[in-house]
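Beneath this line is the structure, given in structure tokens, with notes to follow.
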Protein chains: 2
Amino acid sequence: MDTARPTAQLPLRERKKLRTRQALVDTALELFTERGFDGVTLDELCEAVEVSKRTFFRTFTSKEDVACAPLHDMWTAFLKELEEPPGDAGLPVFDLLRDTLLRTLTRMPADDWPHRVLLSRRLAERTPSMDAHGLAFCDRTSRTVVDTLLRRFDLGGTPYEDLVPRLTVDVLVAAFHRALEIWTAGAGDTPRTAEDLATAVRTACAAVPASLALPARPRPVP
Amino acid sequence: MDTARPTAQLPLRERKKLRTRQALVDTALELFTERGFDGVTLDELCEAVEVSKRTFFRTFTSKEDVACAPLHDMWTAFLKELEEPPGDAGLPVFDLLRDTLLRTLTRMPADDWPHRVLLSRRLAERTPSMDAHGLAFCDRTSRTVVDTLLRRFDLGGTPYEDLVPRLTVDVLVAAFHRALEIWTAGAGDTPRTAEDLATAVRTACAAVPASLALPARPRPVP
DNA sequence: AGCCATAGTGCCACTCAGTGGCACAAGCCA
DNA sequence: TGGCTTGTGCCACTGAGTGGCACTATGGCT
């Protein structure tokens with residue numbers, strides 16, 4: 001089952017753990033997609049992966065968590081990527097974040113990650129508790145991102161705590177979510193790649209200025 | 001307990017229901033604040049309000065729901081407010097939304113609503129599942145807002161579904177959340193009013209352009 | 001090679017959120 | 001007053017998530 005990955009040379013124990021984790025994610029996405037999030041009990045999932053429920057909860061914090069793993073992984077990779085020294089100095093933070101996100105996308109495992117994200121997002125759209133879990137995770141991650149930014153960059157001491165940089169991150173996250181939505185909704189079973197998603201992210205980010213300037217002409221009342 | 005409100009003249013049954021609802025919210029916020037969200041079981045809450053658990057779940061969708069009620073109420077009022085014809089035509093949608101939000105704030109019950117929001121937000125900050133629930137609710141509301149906008153205004157048929165107006169709403173929601181955060185964090189037990197919150201909303205909205213332009217000057221590496 | 005210390009696992013019993021079903025009471029309408 | 005509808009109480013049940021303890025596999029050390 002999917003050995004010899006870029007798992008490189010981790011201690012055996014770690015590799016085993018990662019394999020269990022991946023098996024749980026894949027089986028969960030498969031079962032949930034087939035019978036719905038609520039149509040599958042954790043006992044069944046654990047049975048299928050041959051793992052005790054106790055072990056499941058040592059790997060994931062909740063039933064939602066396992067189904068949201070693909071995007072969790074991406075954001076975790078994003079945080080790592082953000083620690084790398086940026087190419088251009090003086091670039092607006094928003095562009096820096098966008099580029100970091102795009103770079104992260106190119107580095108996700110190209111063969112299976114996009115498919116996992118697709119399944120996960122489709123599930124989230126019809127499973128409120130999954131959606132909630134994903135949003136809360138993004139929110140927590142955003143805080144971490146702001147902390148990293150403050151540590152690495154001189155943002156000129158903004159008033160009201162971290163209002164300005166935090167808004168920057170919020171806008172990027174919003175744009176990413178819109179991109180995901182568009183990417184996920186795309187026609188039926190067309191294969192989706194991380195590049196497609198990157199394109200959508202670029203589009204969404206580019207649409208931000210227009211969204212702030214968008215004029216509201218009232219319709220003629222019917 | 002808190003009769004003769006702007007409840008006006010609703011059928012008796014409705015008024016009773018609303019009173020039960022309000023009692024549940026207030027008691028929940030009180031108990032949760034005192035002993036923590038997880039430190040109070042629904043059975044205890046229902047006992048305190050003298051209502052059966054079954055009834056609780058006819059009024060609220062989850063334990064989190066009752067604790068998030070204050071902001072739910074606000075967004076519901078916001079949607080209603082958005083149906084009113086706007087004063088100025090041709091105003092940017094973002095400004096229109098912001099003004100609608102500010103107007104909504106002035107119309108919330110001035111005496112007890114702010115205090116409820118404060119308790120609710122403080123709880124949410126240390127209760128992940130409450131935070132998640134609140135975020136998911138906002139997300140769903142955002143969709144409704146976009147639908148209303150599209151129905152009421154001629155937004156010039158944007159490409160990629162509703163990308164542009166949806167981003168507009170997302171940015172407003174982000175700004176509101178930052179405003180809430182600042183307002184909630186404000187010193188200790190200073191009384192907080194809806195006007196204070198309105199001021200914070202104005203500040204956060206005004207900070208949006210700066211957040212997009214914010215330059216990232218790298219710090220000298222330590 | 002052999003042997004602990006320790007990280008990780010399985011099992012079991014328990015709490016509590018959330019649901020379905022049915023009988024009953026309170027508000028509403030004639 | 002009596003039917004009708006709407007909302008409530010009660011009770012049993014499912015399933016997520018947790019704590020505790022005994023057990024096994026791993027990796028370091030001699």
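To find a chain, count down the sequence lines: A is the first, B the second, and so on, and within it residues start at 1. Just the heavy atoms: all of them, side chains too, but no hydrogens, waters or symmetry mates, feed the values below.
When each of A/T41 and B/E50 is assigned the nucleotide of DNA chain D bearing its nearest heavy atom, the one mapping closer to the 5' terminus is B/E50. Comparing A/R58 and A/K53 against DNA chain C, the residue whose closest nucleotide sits nearer the 5' end is A/R58.
A/L45 has its CG atom 14 Å from the C1' atom of D/dG17, to the nearest Å. Nucleotide D/dG17 holds its P atom 6 Å from the CG atom of A/L42, rounded to whole Å. Residue A/D43 contributes atom CG, which lies 9 Å from atom C1' of D/dA16 at whole-angstrom precision. Rounded to whole Å, atom P of D/dG15 lies 13 Å from atom CZ of A/F37.
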Could you go step by step and tell me if B/L167 and B/L163 meet the side-chain contact (heavy atoms from CB on, under 4.5 Å) rule? CA-CA 6 Å; B/L167 278 173; B/L163 175 58; 3.9 Å; yes
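Using bins of under 30°, 30° to 60° and over 60° for the plane-to-plane angle, the ring pair B/W75/B/F176 lands in the perpendicular bin.
Put simply, A/K16 has a side-chain N or O that comes within less than 4.0 Å of OP1 or OP2 on D/dT26. Taking side-chain N and O atoms only, A/S52 has no distance below 4.0 Å to OP1 or OP2 of C/dT9. Proximity of B/K17 to the phosphate of D/dG7: a side-chain N or O atom is located under 4.0 Å from OP1 or OP2.
The only option from A/V146, A/D162, A/T144 that meets the side chain to side chain contact (heavy atoms under 4.5 Å, CB included) definition with A/V169 turns out to be A/V146.
A donor-acceptor pair shorter than 3.5 Å can be found between the side chains of A/S129 and A/E64.
Counting non-hydrogen atoms under 4.0 angstrom, B/T61 reaches nothing in the nucleic acid.
The nucleotide whose nearest atom lies closest to any side-chain atom of A/R54 is, among C/dC11, C/dG21, D/dA16, C/dC11. Checking C/dG18, C/dG10, D/dA16 against every side-chain atom of A/F57, the shortest atom distance belongs to D/dA16.
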